[in-house]
Amino acid sequence: MSNNTFYISTPIYYVNGSPHIGTAYTTIAADVASRYKRMMGYDVHFLTGLDEHGQKVASTAAEHNMSAIEWCDSQVQNFVELWDKLNISNDDFIRTTQDRHIKGVQQLMQKIYDNGYLYKDTYEGYYCTPCETYFAQDELIDGKCPDCGRDVEFIKEENWFFKLSEFATPLLEYYESNPDFICPKSRYNEVLSFVKGGMHDLSASRSTFDWGVPLPFDESHVAYVWVDALINYITALGYGSDDESALENYWPADYHLVGKDIIRFHCVIWPAMLLAAGLPLPKHVSAHGFLMAADGSKMSKSKGNALYPNELIDIYGVDGYRYYFMSDVVFGNDANIGLERMTQVYNSDLANTYGNLFSRVSNMTVSYFDGFVPDLSKCDSAIIQNLDCPMKSIADGIFEKYTKALDVLDFCGASTAVMELLHEANLYIENSAPWNLAKDESKKDELAYVIYNGLETCRIAATYFYPFMPDTSVELLSRLSIGIDFENLESGQLKDLTTWGGLKAGLEVTKGAALFDRIKNK
Ligand code: MSP
């Protein structure tokens, strides 16, 4: 088993709706973390997929006059296409209707049953179908679902119950000895008080419809959709199959990324199920906040204030889209999303800073140095030694800031560290005015120095920005005649690649279309 592995997952998304900016957000975050870890030499396994069972999917299918599986099959493409478009580099895509998943769920449920943690009883209480969640009467708010505010239904049915209440102590012990298990800290406290508040056993099966995984020891029941769904994190690794090598290699997961609304499922129910089956628990569950409309209200189709990924990609491009959500939305906090702010960040960071710097220095390389990286070793060292380049010390400090931030999923912290370098370089170009130096033959060496530093800044920034904006980085570097196999770097290589002065003299530099077109105010 290699200890250089990194296993990260997104929630598996319900197929009754289309992907939206919330699900795209988690998926992009997992992608940036995965690309970063691959750059650090890790053997990464990045999983996403779809949650296809349950009452909600079954009724949505019926509304469309389709069988449940026909409905699911018809929805898969919406997700796969958007993830492709957004450059998501997942290693696997699981659907809970796949055989590999069904077999694994049955095996885990059998194990929990054999270990004595399941018993049959009658459930009497409320159920929110859109949330697929059980509620007791005193949890309802004005008779409605406390999470989504919609109608709940009263159900009375025979269920298999999971002895969740028996796991309060072991869970609390796990949280205490692994204080980073639940991030951010505010969520940790929320989960802690929930568990300390006393937990009821959980209905782990349904017996009034059949769109789910039949329990192996009682085929008249299907697994409760959340129980079924959570198990995807191990069935995708081959749990319950003839080949469990991926499970041995990657489990326990390094990070389950989730939205804050589903933290209890991941931090309470899922670890309790794993404990009941005698399996190791995930290392971290990291919860992000909710994306709201610009005015702070909930986005919804009916209110007409929803923003859709495809429309945003049309405006900002794939990399502009990825960059915005990773640089301006703090992972863990709620955020109001609006075009005005998105355009402001795009224009200021990407068009006016990053794109503008590269466009200036690549154009000047072509104009003043025939399109080749100037060779400073051929310049008069007495002149060069007396010149100062403020970007060098900033660049030297990025690696530590960037890795520290990304290791704890602080995407904004990492992107800010890179952006600082670009801001400084723009100022430097402005102050050095190479267009004036070019007019004076005696300033030729100083000109070479300034242009080299500008190009070097672009090379380093593009390397660091690869996880955030993969296409732009590859494009910019290719215009510097540099090709890096980012997905297969070895441990230690990123540091070498981003060391100041690594840009080789004589490389051909080509100019091309603007990396980011400026967007007019909406
Ligand atoms: N199928 C379950 C997850 C099972 S994981 C074993 C599910 N699916 S979902 O499609 O309804 O939601 C998926 C994710 O989208 C959740 O993490 C949820 O927090 C997130 N979001 C839904 N709306 C959101 C926003 N407006 N903003 C950010 N994320 C939000 O739950």
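As the structure is a prediction and not an experimental result, all values here were calculated from the model. Order of appearance sets the numbers: ligands from 1, and atoms from 1 within every ligand.
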What atoms in ligand 1 come closer than 4.0 Å to a heavy atom of Ala229?
-> 6 (C)
Would Asn87 and Asp31 count as having a side-chain donor-acceptor pair, cut-off 3.5 Å?
-> no
Does a donor on one side chain sit under 3.5 Å from an acceptor on the other, for Tyr323 and Asp319?
-> no
Is it possible for you to check whether Lys56 lies under 6.0 Å from the centre of the six-membered ring of Tyr14, through NZ or CZ, and within 45° of that ring's axis?
-> yes
protein heavy-atom neighbour closest to atom 13 (C) of ligand 1 works out as Tyr13 CD2, 3.4 Å
Please determine, by modelled atom types, if Ser89 and Arg38 share a side-chain donor-acceptor pair under 3.5 angstrom.
-> yes
For His20 and ligand 1, answer yes if some heavy atom of the residue is under 4.0 Å from a ligand atom, otherwise no.
-> yes
Just checking, any donor-acceptor pair under 3.5 angstrom between side chains of Asn16 and Thr60?
-> no
Would you verify whether the NZ or CZ of Arg518 falls within 45 degrees of the ring axis of Tyr346 while also being under 6.0 Å from that six-membered ring's centre?
-> no
Contact between Gly289 and ligand 1, counting heavy atoms under 4.0 Å?
-> yes
Location of contacts on Trp226 toward ligand 1, heavy atoms closer than 4.0 Å = side chain
Check whether the side chains of Asp218 and Tyr113 place a donor and an acceptor atom closer than 3.5 Å, and report yes or no.
-> no
Could you list which atoms of ligand 1 come closer than 4.0 Å to a heavy atom of Gly259?
-> 17 (O), 19 (O)
Closer than 4.0 angstrom: is that true for some heavy atom of Phe290 and an atom of ligand 1?
-> yes
Find all atoms of ligand 1 within a distance of less than 4.0 Å from any non-hydrogen atom belonging to His288, and give their numbers and elements.
-> 28 (C), 29 (N)
Within-shell test, Tyr233 vs ligand 1, heavy atom, strictly < 4.0 Å | yes
Side-chain donor-acceptor pair present, Thr122, Glu158, cut-off under 3.5 Å | no
Quick one: does atom 20 (C) of ligand 1 have a protein heavy atom under 4.0 Å from it?
-> no
Asp261 to ligand 1: N or O pair under 3.5 Å?
-> yes
Answer yes or no: does an N/O atom from Ile12 fall short of 3.5 Å to an N/O atom of ligand 1?
-> yes
Salt bridge check: are Asp201 and Lys163 linked by an N-O gap of less than 4.0 Å?
-> no
Do Asp121 and Tyr119 have side chains that get closer than 4.5 Å, going by heavy atoms?
-> yes
Mind checking whether Ile262 has an N or O less than 3.5 Å away from an N or O of ligand 1?
-> no
for atom 8 (N) of ligand 1, nearest protein heavy atom and its distance come out as Tyr14 CD1, 3.3 Å
Is the closest N or O pair between Leu291 and ligand 1 shorter than 3.5 Å?
-> yes
Answer yes or no on whether Arg35 is positioned over the face of Phe486, meaning its NZ or CZ is under 6.0 Å from the six-membered ring centre and within 45° of the axis.
-> no
Close approach of Trp270 to ligand 1, heavy atoms, under 4.0 angstrom = no
Flag Thr23 as yes when one of its N or O atoms lies below 3.5 Å from any N or O atom of ligand 1, and as no otherwise.
-> no
Do ligand 1 and Asp51 have nitrogen or oxygen atoms that lie under 3.5 Å from each other?
-> yes
